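What you see is a predicted model, and the numbers here were worked out from it, not measured in a lab. In what follows, chains carry the letters A, B, and so on, assigned in the order in which the sequence lines appear, proteins first and then strands, with residues in each chain numbered from 1.
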Amino acid sequence: MILKREFYQQPTLEVARSLLGKKLVRQHDQQKLMGLIVETEAYIGENDTACHASKGKTQRTEIMFGRAGHAYVYFIYGMHYMLNIVTESEGKPAAVLIRAIQPINHIDILKLHRNIDNEKLLTNGPAKLCQAYNINKAFNDWDLCLGKELWIETMDESNNYQIQSSPRIGIDYAEEKDRNAHWRFTLKDNPFLSK
DNA sequence: GTGAGGATGCACT
DNA sequence: GTGCATCCTCACG
């Protein structure tokens, strides 16, 4: 089942947790590239100094102020894209960063996109999975609720996953309270988590 | 296996 | 001009 708008309108921490074990689907050419979401991070509101929107509404961050269920894709370090999903109500800037995925199918295509052969390293990082699934600036503001090109589904079988939380990665510039918040969520012991 | 450093371009001040 | 929600390579030994 394709996740609907109501799913993304929930509190961001709830969305970040619930996205674990869901399936990211990228319709690419004639193929459906699918991966299990195994790691996420929450970025919540103007008071979260790790959140881009804490600096206010700009051309770049206005997506986060918009409708839940849209993608917020930004370019960083001169070469990398990051995939986020906007959450909560319009006007409240918040999003969930997809940090890692476990490939489900078409490993050969992912390897081509990444130009490496080690399956463990294909999608175990936010920029890596964007490269593997060919997610770029074209998907900024894309509506994931349409079920076209890029969306998220529930898995057919029900699974019991154990979820862990920890501080977010790569936000040394943020205030201590935000650096310490356990807003990173992972599937325990999954081999495809980021470093 | 671990850590340092460079790549690289765009949004923002 | 500054700095970044990262990744890869190359040194170690």
Side-chain angles (χ1 to χ4, degrees), chain A residues 8 11-13 15-17 19-20 24 35 37-66 68 70-88 92-103 110-142 144 150 152 164-187 189-195:
Chain A
Y8 302 108
T12 306
L13 292 177
V15 176
R17 262 190 298 263
L19 279 175
L20 297 178
L24 182 79
I37 298 172
V38 300
E39 177 174 344
T40 61
E41 279 179 5
Y43 289 85
I44 312 177
E46 283 136 313
N47 295 327
D48 173 9
T49 58
C51 180
H52 291 166
S54 65
K55 305 217 170 55
K57 194 177 194 174
T58 66
Q59 193 167 15
R60 180 210 207 186
T61 62
E62 67 177 353
I63 308 286
M64 265 200 284
F65 289 78
H70 283 242
Y72 167 47
V73 179
Y74 65 91
F75 185 68
I76 196 165
Y77 295 120
M79 58 185 86
H80 297 309
Y81 292 101
M82 306 277 151
L83 171 63
N84 300 251
I85 323 286
V86 176
T87 60
E88 310 216 21
K92 170 157 184 190
V96 174
L97 170 69
I98 309 296
R99 279 195 64 88
I101 274 178
Q102 175 172 347
L110 304 185
K111 285 181 177 175
L112 276 178
H113 290 165
R114 291 271 295 123
N115 196 29
I116 59 166
D117 207 44
N118 187 337
E119 188 171 334
K120 289 278 166 49
L121 303 180
L122 283 176
T123 54
N124 65 333
K128 296 179 184 178
L129 70 91
C130 284
Q131 191 185 3
Y133 286 88
N134 196 22
I135 295 165
N136 52 46
K137 204 172 175 67
F139 284 101
N140 194 28
D141 206 25
W142 185 262
L144 301 180
L150 184 68
I152 300 176
Q164 286 187 323
S165 64
S166 52
R168 292 172 289 178
I169 307 283
I171 52 162
D172 291 346
Y173 58 87
E175 284 177 13
E176 192 177 356
K177 71 170 172 59
D178 297 321
R179 274 186 278 125
N180 293 337
H182 281 40
W183 287 358
R184 171 179 182 240
F185 300 96
T186 55
L187 289 188
D189 297 330
N190 186 282
F192 293 88
L193 301 180
S194 71
K195 295 297 179 312

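- Across every strand in view, dG3(C) sits in a pair with dC10(B) that passes the Watson-Crick or G-U test at under 3.5 angstrom.
- When the P atom of dA11(B) is taken as reference, atom CD of Glu62(A) falls 12 Å away, rounded to whole Å.
- Nearest to the side-chain atoms of Gln59(A) among the listed nucleotides dT6(C), dC7(C), dC12(B) stands dC12(B).
- For dT8(B), the OP1/OP2 oxygens have no side-chain nitrogen or oxygen of His80(A) closer than 4.0 Å.
- Between Glu41(A) and Arg99(A) a salt bridge is recorded (basic side-chain N to carboxylate O distance below 4.0 Å).
- Along DNA chain B, the nucleotide closest to Lys55(A) and the one closest to Met79(A) are compared, and the more 5′ of them pairs with Met79(A).
- Regarding contacts with the backbone of dA5(C), every side-chain N or O of Arg179(A) stays at 4.0 angstrom or more from both OP1 and OP2.
- A salt bridge is absent between Arg179(A) and Asp172(A); no separation between the charged side-chain nitrogens and carboxylate oxygens falls under 4.0 Å.
- Here the side chain of Lys128(A) is nearest to one of dC12(B), dT6(C), dC7(C), namely dC7(C).
- The aromatic ring centres of Tyr8(A) and His70(A) sit 6.0 Å or more apart.
- Taking for each of Gln131(A) and Gly170(A) the nucleotide of DNA chain C with the nearest heavy atom, the 5'-most of the two is the partner of Gly170(A).
- Residue Lys177(A) qualifies as enclosed at atom NZ: its count of foreign heavy atoms under 6.0 Å is above 12.
- Side-chain proximity of Tyr77(A) to the nucleotides dC7(C), dC4(C), dC12(B) is greatest for dC4(C).
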